[in-house]
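Numbered from 1 within each chain, the chains take letters A, B, ... in sequence-line order. Hydrogens, waters and symmetry mates are skipped; everything else that's a heavy atom, side chains included, is used.
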2 protein chains.
Amino acid sequence: MLVSDLGEEGLLEQISAIFADKASRLTVPIGDDAAVFDCPPGTQQVWTTDLILEGVHFQRPWLTPAELGRKSLAVNLSDLAAMGARPGCALLSMALPPDTQVEYVTDFCRGFSAMAGEVDMPVAGGDTCRADRGLMVSVTAGGTVPVGGALLRSGASEGEIIYVSGFPGSAAAGMRLIEAGRSEEFPGLRKAFIAPRPRLDVGRSLAALGVGAGIDISDGIAADLRHICRESGVGAEVRREQLPVSSELKRACALRGWLPGDLALGGGEDYELLFTAREALTDRVARLSGELGVPLTRIGRVTGAAAGVVMMDGSGAGTAMPLKGYDHFRKDG
Amino acid sequence: MLVSDLGEEGLLEQISAIFADKASRLTVPIGDDAAVFDCPPGTQQVWTTDLILEGVHFQRPWLTPAELGRKSLAVNLSDLAAMGARPGCALLSMALPPDTQVEYVTDFCRGFSAMAGEVDMPVAGGDTCRADRGLMVSVTAGGTVPVGGALLRSGASEGEIIYVSGFPGSAAAGMRLIEAGRSEEFPGLRKAFIAPRPRLDVGRSLAALGVGAGIDISDGIAADLRHICRESGVGAEVRREQLPVSSELKRACALRGWLPGDLALGGGEDYELLFTAREALTDRVARLSGELGVPLTRIGRVTGAAAGVVMMDGSGAGTAMPLKGYDHFRKDG
């Protein structure tokens with residue numbers, strides 16, 4: 001059945017039913033003019049929002065509707081993770097072409113709901129309307145941090161170590177393999193692109209540890225490290241040979257002639273965390289990595305602002321980090 | 001200059017500058033992974049979100065970019081008003097065709113910022129990306145109510161009086177006059193559609209007064225009263241001759257052969273408040289109307305659920321209220 005046959009009210013009923021399971025955690029759930037919920041004492045609100053458009057951020061054949069639903073929330077949760085926040089609740093808006101199958105929408109919502117369930121987050125509301133062409137999703141996610149406890153881009157200091165979680169570049173490799181029809185041979189890389197795991201535990205633990213600055217590397221290490229440097233008024237030196245490369249990423253790069261470092265620096269969509277921490281926290285960071293089962297790899301050091309953002313190769317020669325991440329508007333973007 | 005020439009980073013800089021004036025009220029404003037702000041003690045969070053799409057909700061020639069920016073926030077503020085909430089902060093996402101003029105975007109943001117300024121609301125973040133076709137805007141607005149003090153759709157009781165603010169039908173008349181190229185003769189109706197005033201003061205005062213149920217009539221009185229009846233488990237009887245009609249609306253209806261009651265019941269986009277209050281509050285509601293300078297007109301009464309939602313004409317004959325408001329997906333919607 002198409003959404004144009006079912007109509008708006010019928011569609012909303014089906015969507016609300018999917019999101020009903022955690023509604024009791026809200027004072028006022030979906031169904032009123034707005035959602036109402038508590039702000040736990042001693043906390044501040046943390047809010048972020050992302051657009052996800054067909055043809056811009058994804059192509060339908062790339063991922064199932066449930067995978068798309070899951071990822072739509074995951075990319076927002078990654079922003080909460082980068083702030084060290086605990087998930088609160090989410091709002092989901094969808095603009096749908098009238099010839100969209102109802103099942104596509106409900107499967108999307110089930111994937112969204114599954115991701116929300118993994119982090120115990122109610123879906124508090126949203127909006128639906130007709131789109132002339134292409135599916136458009138807008139997700140807003142709210143969470144909380146202890147008062148004054150958010151992990152910021154502006155917290156880096158000269159001399160701190162730069163770390164990254166996971167294996168950056170994996171998502172970019174996964175996307176290219178999907179485009180090339182070769183992703184089945186590399187399930188880990190496909191998963192890195194299709195079903196990124198927001199690093200909520202890592203972010204919360206880092207914020208509690210009192211590390212310097214943190215950001216999620218949705219735009220690639222080069223662009224996102226530059227954000228930290230600008231906001232903190234520092235420079236940075238990254239060592240190319242220290243960038244962590246998984247065996248699967250190494251294998252894919254060898255097969256396709258890619259440089260893993262290029263994918264990590266410029267690829268984007270990894271939703272891993274980049275952070276800085278003073279030398280004295282080295283053991284604590286290593287222990288955290290073990291406890292959470294997430295690689296946290298040191299890849300460089302925070303320098304003075306005058307030194308800029310530099311990439312060092314194995315021979316010790318430094319080059320300026322590429323200036324740009326992905327640009328949505330430029331013709332060559 | 002086009003957004004594709006300026007690029008994403010340059011555009012974000014210009015947008016951030018426009019929204020910088022109230023940023024100091026946020027702990028972390030635009031520029032980090034997420035915004036951080038306080039939840040005042042003794043309050044709950046109230047959040048709502050709306051999509052506004054070119055070709056679906058508006059046509060560009062209908063309104064200036066600043067008017068569109070203003071309205072994009074106003075429709076969300078109306079949802080906060082309907083909950084009796086005080087505005088907190090807003091998030092703004094825009095998907096832009098690459099050939100959009102930068103000035104269109106900055107004018108849009110100035111209009112959005114002006115509306116935010118009127119209600120002392122900081123803009124806390126958002127997202128931008130490329131759209132293949134047509135401008136898409138997603139706005140999320142948060143506010144606060146005293147704990148347990150939200151005005152709900154579910155609060156109506158049998159015997160209460162039904163009121164409406166302003167002159168419903170004005171926005172629908174304004175839109176039709178704009179489409180017909182006749183809006184200049186009816187500036188009040190044009191304004192009702194282009195620049196609706198969210199009834200924040202009315203909503204907060206009504207919640208404090210302890211009225212029954214409240215909703216904003218974005219979908220027209222028929223559809224939105226039905227929401228109240230369903231959520232409250234009641235029926236309703238509306239008297240057609242009591243629907244308030246401004247002299248300008250009367251004049252436009254006479255000229256174009258419209259029935260003002262039909263516009264009020266089915267037109268939508270009014271962003272006025274519909275609410276119910278027990279008889280004992282009659283004087284308080286009348287005083288409030290005078291204090292705020294907003295007409296609050298009694299249009300009917302809450303009945304038992306079995307009676308349904310009925311429209312009474314002047315002769316005392318009742319007919320069932322039309323079932324449907326605007327449906328985004330139905331072909332005949």
If I measure from the heavy atoms of chain B, does A:Leu91 come under 4.5 Å with its side chain, its backbone, both, or neither? side chain
Against chain A, label B:Val28 side chain, backbone, both or neither, depending on which of its atoms sit under 4.5 Å from a heavy atom there. side chain
Expected list for residues 93-100 of chain B: side-chain donor-acceptor pairs under 3.5 angstrom, two or more places apart:
residue	atom	partner	partner atom	Å
B:Ser93	OG	B:Asp127	N	3.3
B:Thr100	OG1	B:Pro97	O	2.5

Measure A:Leu53 against the heavy atoms of chain B and call it side chain, backbone, both or neither at under 4.5 Å. side chain
Can you tell which part of B:Thr128 gets under 4.5 Å to a heavy atom of chain A, answering side chain, backbone, both or neither? both
Please flag which part of A:His227 lies under 4.5 Å from any non-hydrogen atom of chain B: side chain, backbone, both or neither. neither
Can you tell me how far the OG atom of B:Ser138 sits from the CE atom of A:Met136, to the nearest 0.5 Å? 5.5 Å
Around atom CD of A:Glu103, are there more than 12 heavy atoms of other residues, nucleotides or ligands at under 6.0 Å? no
Which pairs with one or both residues in residues 33-48 of chain A pass salt bridge (Lys or Arg N to Asp or Glu O under 4.0 Å), sequence neighbours excluded? A:Asp33-B:Arg153
Atom pair CD (A:Gln44) and CG (B:Leu26), whose distance is rounded to the nearest 0.5 Å: 10.5 Å
Taking ring-ring contact (aromatic ring centres under 6.0 Å, His included) as the test, write out the residues that go with B:Tyr163, two or more places apart. B:Phe275
Quick check: under 4.5 Å, non-hydrogen atoms only, which of residues 79-87 of chain A neighbour chain B? A:Asp79, A:Ala82, A:Met83
Counting heavy-atom pairs closer than 4.5 Å to chain A, which one of B:Leu51, B:Thr49, B:Thr27 comes out on top? B:Leu51
Let me confirm one number: the CG-CZ distance from A:Asp132 to B:Arg133, rounded to the nearest 0.5 Å. 5.5 Å
In terms of heavy-atom pairs under 4.5 Å, which option from B:Ser218, B:Gly7, B:Cys39, B:Gly88 contacts chain A the most? B:Gly7
Nearest heavy atoms of B:Arg130 and A:Gly55, plus distance in Å: NH2-O, 4.1 Å
Need one label for B:Gln45: side chain, backbone, both or neither, based on atoms under 4.5 Å from any heavy atom in chain A. both
